[in-house]
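Side chains are part of it too, since the values below use all heavy atoms of this structure and drop only hydrogens, waters and symmetry mates.
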Amino acid sequence: MPGSLEPLDLGVQIPYHFRCPISLELMRDPVTVSTGQTYDRPSIESWVATGNTTCPVTRAPLSDFTLIPNHTLRRLIQDWCVANRSFGVERIPTPKQPADPTHIRHLLTQSASNSNTYPTRLSALRRLRGLARDLDKNRSTISSQNSREILVQLVFADTGSESSELTHEALALLVLFPLPESDCAAVASDPDRVTYLARLVQHSSMEVRVNSAALIENVLAGSRTAELRAEISNVDEIHQGVVSILRNPIAYPRALKIGIKALFALCLVKQTRNKAVSAGAPETLINALADFEKCDSERALATIELLCRVPDGCTAFAAHALTVPLLVKTILKISDRATEYAAGALLSLCSASEKSQNDAVAAGVLTQLLLLVQSDCTDRAKRKAQLLLKLLRDSWPEDSVGNSDDFVCSELVVPF
């Protein structure tokens with residue numbers, strides 16, 4: 001480590017002992033290891049997580065992996081930040097310390113034990129949820145303490161009665177973790193639990209509904225067999241509840257992200273897609289399409305393409321005046337995957353309806369498709385575009401194409 005100060009772009013020098021020996025950046029959460037060396041917590045945790053068992057500076061073996069917060073050094077760093085704020089240095093906040101695993105085990109035991117009072121169990125769950133939200137490290141520790149099995153039991157403790165606040169709190173905590181295949185199978189194979197989920201996803205509380213949709217998506221994603229996934233996706237009320245979540249994007253933004261993940265997972269089950277159509281998914285998806293972020297837009301367009309493969313779904317999308325213009329507008333605008341899904345949905349719609357063909361041409365699909373086949377987009381997207389160009393050939397105005405019969409070739413440049 002150099003003994004001099006190194007200049008920053010800000011025009012201020014960071015004392016070398018304020019820098020993490022691993023990242024060489026200003027430490028935000030300095031911790032000391034068993035050798036007496038101090039590192040920034042994320043850096044030394046990453047070092048240990050990759051299998052290293054020695055101190056990065058001294059190369060001496062670490063006798064244990066306990067990380068002791070260096071409060072004195074952190075306060076010195078914070079004071080230095082305040083003294084140099086005129087140079088644009090921001091004061092680092094006091095970091096939240098990871099929870100003690102023993103404390104987490106105690107809270108889990110409290111929440112699971114029927115011998116404790118209801119308020120005690122509820123308080124324990126709320127404290128666990130707060131810890132999980134505070135730090136990824138806490139979430140990892142909670143997950144390692146057999147928490148998912150406990151939480152699944154709490155959520156489905158009494159499927160024959162109305163859900164309680166304890167159930168809702170356990171549900172909110174459970175959806176923070178991926179479920180192992182065994183737990184997914186235990187939920188999907190139990191008709192009472194599936195029925196209970198269907199009730200929860202139509203609950204009066206939006207938070208409960210969204211968390212239920214998140215659990216539904218987790219179970220579908222973790223179920224390895226089509227038969228198990230069908231046990232969930234075959235329930236009309238689940239489709240209705242998930243679709244309804246997508247109708248409140250402004251009032252509850254998290255609903256969009258969770259809702260589209262759950263709907264996409266449901267629509268991956270081919271034999272039950274009609275249930276999503278009957279629940280109003282086509283109109284809801286088109287109305288919400290502009291509100292999705294990039295990754296969610298891709299998932300929404302993939303869902304639209306899946307539902308367009310169902311005759312009733314294709315009819316429902318074609319009946320919405322904005323479907324074709326929005327899909328045309330999406331091509332080459334969001335991402336390669338979004339373009340591929342939009343082109344696939346348009347191919348299904350235009351194959352089923354002459355009106356959709358005319359709407360697509362009127363919306364400018366010709367220009368978009370010709371740009372697409374000459375772009376660096378995916379091969380599947382280009383194949384869909386070429387099929388769509390061939391399908392729409394008779395719908396183009398006479399002055400929009402040349403005389404070449406090979407207009408679907410990617411090398412063609414059509415005069416305008």
Side-chain angles (χ1 to χ4, degrees), residues 243 246-247 249-250 253 255-257 259-268 273 276-277 280-310 313-392 395-396 400 408 410 414 416:
V243 169
L246 291 169
R247 293 177 181 149
I250 298 177
L256 272 181
K257 183 172 292 293
I260 192 57
K261 288 179 71 175
L263 183 58
F264 176 65
L266 287 167
C267 291
L268 285 175
R273 288 175 191 162
V277 175
E283 180 182 4
T284 301
L285 283 169
I286 295 302
N287 290 341
L289 192 57
D291 298 315
F292 290 110
E293 297 179 357
K294 178 183 175 180
C295 182
D296 298 325
S297 292
E298 293 176 350
R299 195 173 279 111
L301 288 162
T303 306
I304 291 172
E305 183 180 9
L306 289 174
L307 293 179
C308 279
R309 297 176 185 175
V310 179
C314 201
T315 300
F317 279 112
H320 197 300
L322 294 179
T323 297
V324 172
L326 281 176
L327 292 176
V328 171
K329 184 179 179 181
T330 297
I331 293 176
L332 298 176
K333 288 295 191 298
I334 300 174
S335 67
D336 288 353
R337 295 172 98 187
T339 293
E340 178 185 328
Y341 300 141
L346 283 169
L347 181 59
S348 294
L349 289 167
C350 292
S351 297
S353 166
E354 185 176 344
K355 180 180 182 303
S356 292
Q357 295 179 23
N358 296 331
D359 290 344
V361 172
V365 73
L366 172 57
T367 302
Q368 296 292 82
L369 293 177
L370 290 171
L371 289 172
L372 172 55
V373 296
Q374 297 176 82
S375 72
D376 295 327
C377 205
T378 65
D379 290 339
R380 285 187 299 182
K382 290 181 180 181
R383 285 197 297 272
K384 291 174 181 179
Q386 290 172 343
L387 289 171
L388 190 51
L389 281 166
K390 185 175 182 180
L391 177 66
L392 295 175
S395 300
W396 293 345
S400 64
V408 299
S410 61
V414 178
F416 292 94

Less than 4.0 Å between a side-chain N and a carboxylate O, is that true for Asp296 and Arg299?
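Between Asp296 and Arg299 there is a salt bridge, with a charged N closer than 4.0 Å to a carboxylate O.
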Can Arg383 and Glu340 be counted as an ion pair, charged N to O under 4.0 angstrom?
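Looking at Arg383 and Glu340, the cut-off is not met.
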Under a 4.5 Å cut-off applied to non-hydrogen side-chain atoms, are [X] and [Y] in contact?
{"X": "Thr330", "Y": "Thr339", "result": "no"}
{"X": "Asp359", "Y": "Val365", "result": "no"}
{"X": "Leu369", "Y": "Leu388", "result": "yes"}
{"X": "Glu283", "Y": "Arg247", "result": "no"}
{"X": "Leu256", "Y": "Asp291", "result": "yes"}
{"X": "Ile304", "Y": "Ile286", "result": "yes"}
{"X": "Ile331", "Y": "Leu346", "result": "yes"}

Spacing of [atom1] belonging to [X] relative to [atom2] belonging to [Y], to within rounding of 0.5 Å:
{"X": "Phe292", "Y": "Ile334", "atom1": "CZ", "atom2": "CD1", "result": "10.5 Å"}
{"X": "Leu327", "Y": "Ser348", "atom1": "CG", "atom2": "OG", "result": "10.5 Å"}
{"X": "Leu389", "Y": "Lys382", "atom1": "CG", "atom2": "NZ", "result": "13.0 Å"}
{"X": "Lys261", "Y": "Thr303", "atom1": "NZ", "atom2": "OG1", "result": "12.5 Å"}
{"X": "Asp336", "Y": "Cys377", "atom1": "CG", "atom2": "SG", "result": "4.0 Å"}
{"X": "Thr284", "Y": "Leu263", "atom1": "OG1", "atom2": "CG", "result": "8.5 Å"}

Would you say Arg273's side chain and Cys267's backbone share a donor-acceptor pair under 3.5 angstrom?
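Checking the backbone N and O of Cys267 against the side chain of Arg273, a donor-acceptor pair under 3.5 Å is found.
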I'd like to know whether Leu301 forms a side-chain contact (heavy atoms from CB on, under 4.5 Å) with Leu289, so could you lay out the CA-CA distance, the side-chain angles of the two residues, the decisive distance to 0.1 Å, and finally the verdict.
CA-CA 8 Å; Leu301 288 162; Leu289 192 57; 4.2 Å; yes
Run the side-chain contact (heavy atoms from CB on, under 4.5 Å) check on Thr378 and Arg337 step by step: do they pass?
CA-CA 8 Å; Thr378 65; Arg337 295 172 98 187; 5.9 Å; no
The test is side-chain hydrogen bond (donor to acceptor under 3.5 Å, both in side chains); show your working for Glu298 and Ser335 and say whether it passes.
CA-CA 8 Å; Glu298 293 176 350; Ser335 67; 2.6 Å; yes
